[in-house]
Amino acid sequence: MTKRALALVLALSMSVGIVLSGCTDSGSTSSAGGGTASGGGGSSGATDVGSFDDIEFPDALPEEIVMGDGFDYSYDDLTEKYSIEILCTNYGVAALEAKDDPVNQWLSEKFNMDILLTSPSGEDYQTVVSTRFSANDYPDILMLPTREYGFTLSDQGLLMDARNIYPYMLLSNNYTTKNMIKWSTNTSNGEIPFITKYSIQDSNFGLMVREDWLKALDMKYPTNQEELLEFAKAVTFNDPDGNGKDDTYFMTGGGEGKGYGMLTAFENMFGNAAIHEENGELQHPYFNDIRKNTLSFFKELIDAKVLAPDWFTKNWDQAVADMINDQIAMGWCPSGAFYQQIVIKDGKEKLMENLEKYKYYKEAPIEGGKFPANGNPGFMWAFLKEKFDGQEGKLKRVAHMIDTMTLGGENFFQSIQNAIPEVYTAAGVEVNEDGRVWGYTDDQKSFYIADVGDKMFTQEQSDFYAPNGIWQQFGLVTTYQSNYVSDDMNEFDKKFNELANEGNQVILGYDRWPNDGLLVTLSGEAAEASVSMSDWVLAQEYSFITGDRSFDEWDSFTQEWLDKGGKEIIKQAAEQLGVEVPDYAK
């Protein structure tokens, strides 16, 4: 994803508030997830949560939201009070002081704690963290700047092993996959030095197609490579828009000469493109034909002349312009951002006919194809051993709080996207109670949180309380977020949100490869080789797809790759996967 596309998705998710037409009302709703999830007794008779080895982490993220109102947190003796400091990044503005921060006050009251939230800017974060650790000035928990930094602190004996934390994360464990756990494990000492779960944004790109062109050409959505190529040629040469001009194409790029842009949609259609283990042997896309078949398909598209002019060198804005100008039949975009940017055409047009042009399909357009893996780790939260050793009650309290801030938890809505009215009214702040809606859809596949009417805040309040967005780093996940739909909306906005939500649900339900990419992390010579070869690799791949280099030379190319550092990459991957180094890399 380009930086601009990523920024667009995040901006939309945070400003629009985004669910399916299954909303049960058109006004403000109560937050879901409350109920039995707040234990309040003393330590006697506390729930035995079991051990880390008892936890069955999932293989992939759930397609439906797991609700937290059935979990028993009575392991936590809420009568004891604790003080903690949380150290994490901000969104450009430092955290409010506790006395001015309604979210902090809400959580402090609910969990009988005094909470200090310290939030340096992202650009200063590594320096601040390093300086504090050099001075032995530790917070209680911190957002790690990198996984490797967490491993370093683990090697120094500074962090708690998360095997002692996860048993208390009753809800979060449903969003923490087996491969995330493996990815989090420090191989030098066997510790898991931090907890993690889903990322705020994860695998939210999808394939959309000009449904009106399919109908105009009397074609069906392609489900194999032959049909896809037939469709690509038809939309390029058979005047699908009926304007009598030769101005339509199958796809465009947007990678700015540094990648394949929207064509990356097909990079997982010919097999699992990650380095992984299969039947006890290492699989690498250069040596099992997966990458060769992918690039061969790209060459077929180029030879057929079905790609937009300059598709490879265009930046993302230029590729989007191709779509805005009704020139492209298929794209690779997040649903909500796509409809906002393409259908509304940068806010210039709001025509119902625009909404009827596009559709997301759940099926892969190449037989046997799958989509990119999800289940990518989110923020890494480390617990300082010095702050929790001998204080099991404090450990349980912090784990309990974080767990309820997870999707489906009783404090999820209270801690994401500037929270909800009850948080502010509890702090004595006057807000418009009817200015915000939030909740889960009936099918529990999505959530929504949005401003409506006169909105929750005045402009002055909005400016002042903007730093409260920092709290969402514990729980927000836009993968499951949808646009709010109401009968009170005008016809266009309602239809717009419904279609964007349908696209989100299609993308959420994609058949995906397992996230084997988490199991191999290059370091040292292998990492250096991967970086140093990147430009050369792209140039060689591009020469194959343009025909400047024959695929008859593929074996020569892979040998060059091995000689330039690929052998180190293969050897390190084999070691991490616990398999033999293939003969070709010895």
Side-chain angles (χ1 to χ4, degrees), residues 5 8-9 11-29 204-216 220-221 240-242 320-363 417 434-455 478-510:
L8 172 62
V9 177
L12 285 171
S13 67
M14 294 178 65
S15 63
V16 176
I18 324 183
V19 160
L20 273 163
S21 51
C23 301
T24 56
D25 60 62
S26 59
S28 61
T29 68
N204 57 353
F205 269 55
L207 271 176
M208 40 65 56
V209 66
R210 284 294 295 256
E211 182 77 357
D212 57 335
W213 289 3
L214 278 174
K215 293 177 180 178
K220 294 182 179 180
Y221 178 78
D241 58 0
V320 167
D322 287 343
M323 303 180 74
I324 290 175
N325 293 329
D326 293 316
Q327 294 179 289
I328 304 303
M330 187 174 281
W332 179 241
C333 301
S335 177
F338 162 71
Y339 278 96
Q340 179 70 28
Q341 193 168 20
I342 309 301
V343 175
I344 296 183
K345 298 190 174 187
D346 284 336
K348 297 175 184 177
E349 295 183 59
K350 286 191 175 184
L351 305 176
M352 288 297 291
E353 64 185 56
N354 288 341
L355 296 178
E356 298 168 356
K357 293 177 180 178
Y358 303 91
K359 184 175 180 179
Y360 284 83
Y361 283 84
K362 188 174 182 178
E363 299 79 13
Q417 297 186 349
D434 298 325
R436 174 156 283 199
V437 292
W438 66 94
Y440 299 98
T441 51
D442 291 340
D443 58 10
Q444 290 190 354
K445 289 186 175 182
S446 306
F447 73 91
Y448 56 94
I449 179 169
D451 286 332
V452 296
D454 294 329
K455 306 185 184 306
T478 61
T479 304
Y480 297 87
Q481 189 172 3
S482 302
N483 293 341
Y484 175 66
V485 177
S486 166
D487 290 337
D488 294 336
M489 292 177 170
N490 65 56
E491 185 180 8
F492 180 91
D493 289 345
K494 182 179 180 182
K495 185 68 173 178
F496 174 95
N497 285 344
E498 289 174 345
L499 289 174
N501 293 339
E502 287 177 15
N504 288 337
Q505 288 306 303
V506 168
I507 294 169
L508 185 61
Y510 274 159

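For the single chain, residues carry numbers from 1 onward in sequence order. Values below: all heavy atoms of this structure, side chains included; hydrogens, waters and symmetry mates excluded. As the structure is a computational prediction, the values presented were derived from the model and not from experiment.
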Checklist entry - If you look only at pairs with a residue in residues 327-344, which of them pass as a salt bridge (Lys or Arg N to Asp or Glu O under 4.0 Å), with sequence neighbours excluded? => result none
Checklist entry - Applying salt bridge (Lys or Arg N to Asp or Glu O under 4.0 Å), which residue pairs with at least one partner in residues 330-339 are found, sequence neighbours left out? => result none
Checklist entry - Cation over ring, Lys359 on Tyr361, under 6.0 Å and within 45°? => result yes
I'd like to check [X] versus [Y] (side-chain heavy atoms, cut-off strictly below 4.5 Å). Are they in contact?
X	Y	value
Val209	Tyr221	yes
Cys333	Tyr360	yes
Gln505	Lys445	yes
Phe492	Ile344	yes
Ile449	Val437	no
Met489	Asn497	yes

State, to 0.1 Å, how close [X] and [Y] come at their nearest heavy-atom pair, and which atoms those are.
X	Y	answer
Gln327	Trp213	C-CH2, 3.9 Å
Ala450	Tyr484	CB-CB, 4.0 Å
Lys494	Val485	CG-CG1, 3.8 Å
Ser335	Ala500	OG-O, 2.7 Å
Asp434	Val452	O-CG2, 3.4 Å

With rounding to the nearest 0.5 angstrom, report the [atom1] to [atom2] distance, [X] to [Y].
X	Y	atom1	atom2	answer
Asp454	Arg436	CG	CZ	14.0 Å
Gln340	Phe496	CD	CZ	4.5 Å
Tyr480	Leu508	OH	CG	6.0 Å
Ile342	Met323	CD1	CE	5.0 Å

Checklist entry - What do you reckon, is CG of Asn490 surrounded by more than 12 foreign heavy atoms closer than 6.0 Å? => result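 Check passes, neighbour count above 12.
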Item to check | Heavy atoms of other groups near Lys357 NZ, more than 12 under 6.0 Å | outcome: yes
Checklist entry - Are a donor atom and an acceptor atom from the side chains of Gln481 and Ser446 found within less than 3.5 Å of each other? => result no
Checklist outcome for this item: Only one of Lys495, Glu498, Glu491 passes side-chain contact (heavy atoms from CB on, under 4.5 Å) with Leu355, and that residue is Lys495
Next on the checklist: Are Tyr358 and Phe338 an aromatic pair, judged by ring center distance below 6.0 Å?
Outcome noted: yes
Item to check | Lys/Arg N to Asp/Glu carboxylate O, Arg210 vs Asp326, below 4.0 Å | outcome: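 The answer is yes: the pair qualifies as a salt bridge.
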Next on the checklist: Run the ring-ring contact (aromatic ring centres under 6.0 Å, His included) test against Tyr339 and tell me which residues pass, sequence neighbours left out.
Outcome noted: none
Next on the checklist: Is there a side-chain contact (heavy atoms from CB on, under 4.5 Å) between Asp212 and Glu353? Walk through the geometry before answering.
Outcome noted: CA-CA 10 Å; Asp212 57 335; Glu353 64 185 56; over 6 Å; no
Next on the checklist: Determine whether a donor-acceptor pair (N or O, by modelled atom type, separation under 3.5 Å) exists between the side chain of Asn354 and the backbone of Val343.
Outcome noted: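 Flag set: sc Asn354 to bb Val343 pair under 3.5 Å.
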